[in-house]
Amino acid sequence: KAGVTQTPRYLIKTRGQQVTLSCSPISGHRSVSWYQQTPGQGLQFLFEYFSETQRNKGNFPGRFSGRQFSNSRSEMNVSTLELGDSALYLCASSGGTLHGGYTFGSGTRLTVV
Amino acid sequence: KQEVTQIPAALSVPEGENLVLNCSFTDSAIYNLQWFRQDPGKGLTSLLLIQSSQREQTSGRLNASLDKSSGRSTLYIAASQPGDSATYLCAAHPETSRTSGSRLTFGEGTQLTVNP
């Protein structure tokens, strides 16, 4: 079966702009989580969506937001980009019960200049 | 607040050597623990998932163990190969995952280099 698909793979944006990243989970998975990975902070949890509802949220400013659609696809949005938002953004999906753990996508590399 | 630590941060070994990567966590109330591999600039590949009721899982040359009471997990790699070179991350799923979703807490990773 197809894995977790993240688009685009690479993005270059200018400070102050906004960006939208997309994640399509494994078919049948209803939980989608987002993580930010930077060299200094490692992997940090952004938020989790389950059946179109945000179920958990990490400690990120309100500039970071997300949503999930009825087909379980998820988007995250970052507004008013800052240089520090440059990172690899990873999406993970699970079946909701976590018996199968999480499956991650290949990530979107965002560079803010 | 859960904290996950991985030791060592980096490891360089000759091909063929058996090795152990360590992961410790501060809160033993975990639902399960998952080991991942990450190649440079890529996403995470799941290697092994250990449920809290289990003590170990095996896949090929990999064996992961879990001791909840001591807050430790180890990943054993047998007969290492250059293709095993990558960063290995462990992640703890909180006990609350059963009913209210989850946020993984990751360690900083162990960067493994296997030299031919």
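Naming convention: chains lettered A, B, ... in sequence-line order (proteins, then strands); numbering from 1 in each chain.
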Item to complete: Evaluate side chain to side chain donor-acceptor pair (under 3.5 Å) for B/Gln34 paired with B/Ser46, printing each intermediate quantity in order.
Response: CA-CA 7 Å; B/Gln34 194 165 0; B/Ser46 180; 2.9 Å; yes

Discussion item. Please determine whether ring pair (Phe, Tyr, Trp, His ring centres under 6.0 Å) holds for the pair A/Tyr49 and A/Phe47, giving the CA-CA distance in whole Å, both sets of side-chain angles, and the decisive distance to 0.1 Å.
Written reply: CA-CA 7 Å; A/Tyr49 286 88; A/Phe47 27 65; 5.7 Å; yes

Item to complete: Decide salt bridge (charged side-chain N to carboxylate O under 4.0 Å, His left out) for A/Arg63 and A/Glu82; before the verdict, give the C-alpha distance in whole Å, the side-chain angles of both, and the deciding distance to 0.1 Å.
Response: CA-CA 10 Å; A/Arg63 299 185 297 106; A/Glu82 301 176 358; 3.6 Å; yes

Practice prompt. I would like to know whether A/Glu52 and A/Ser70 meet side chain to side chain donor-acceptor pair (under 3.5 Å); could you show each step before the answer?
Written response: CA-CA 6 Å; A/Glu52 302 179 64; A/Ser70 59; 4.9 Å; no

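Within the 4.5 angstrom heavy-atom criterion, only side-chain atoms of A/Tyr35, from C-beta onward, approach chain B. For A/Phe104, the parts sitting under 4.5 Å from any heavy atom of chain B are the backbone and the side chain alike. Only the backbone of A/Gln41 comes within contact range of chain B, with heavy atoms under 4.5 Å apart.
In plain terms, the two heavy atoms of B/Leu66 and B/Ser52 that are nearest each other are CD2-CA, 4.2 Å.
Applying a 4.5 Å heavy-atom cutoff, none of the residues of residues 75-87 of chain B approach chain A. Near-neighbour residues of residues 106-116 of chain B relative to chain A, defined by a heavy atom under 4.5 Å from a heavy atom of that chain, comprise B/Phe106, B/Glu108.
Between the side chain of A/Lys13 and the main chain of A/Gly16, no donor-acceptor pair closer than 3.5 Å is present.
Between atom CD of residue B/Gln57 and atom OG of residue B/Ser65 there is a gap of 11.5 Å, rounded to the nearest 0.5 Å.
Side chains of B/Asn63 and B/Glu56: a donor on one and an acceptor on the other come within 3.5 Å. Side-chain contact, B/Thr74 with B/Asn22: no donor N or O sits under 3.5 Å from an acceptor N or O.
Geometric assessment of A/Arg55 against the ring of A/Phe50 yields a positive cation-pi assignment under the 6.0 Å and 45° thresholds.
Using a cut-off of 4.0 Å between Lys/Arg side-chain N and Asp/Glu carboxylate O, B/Glu3 and B/Lys1 are scored as not salt-bridged.
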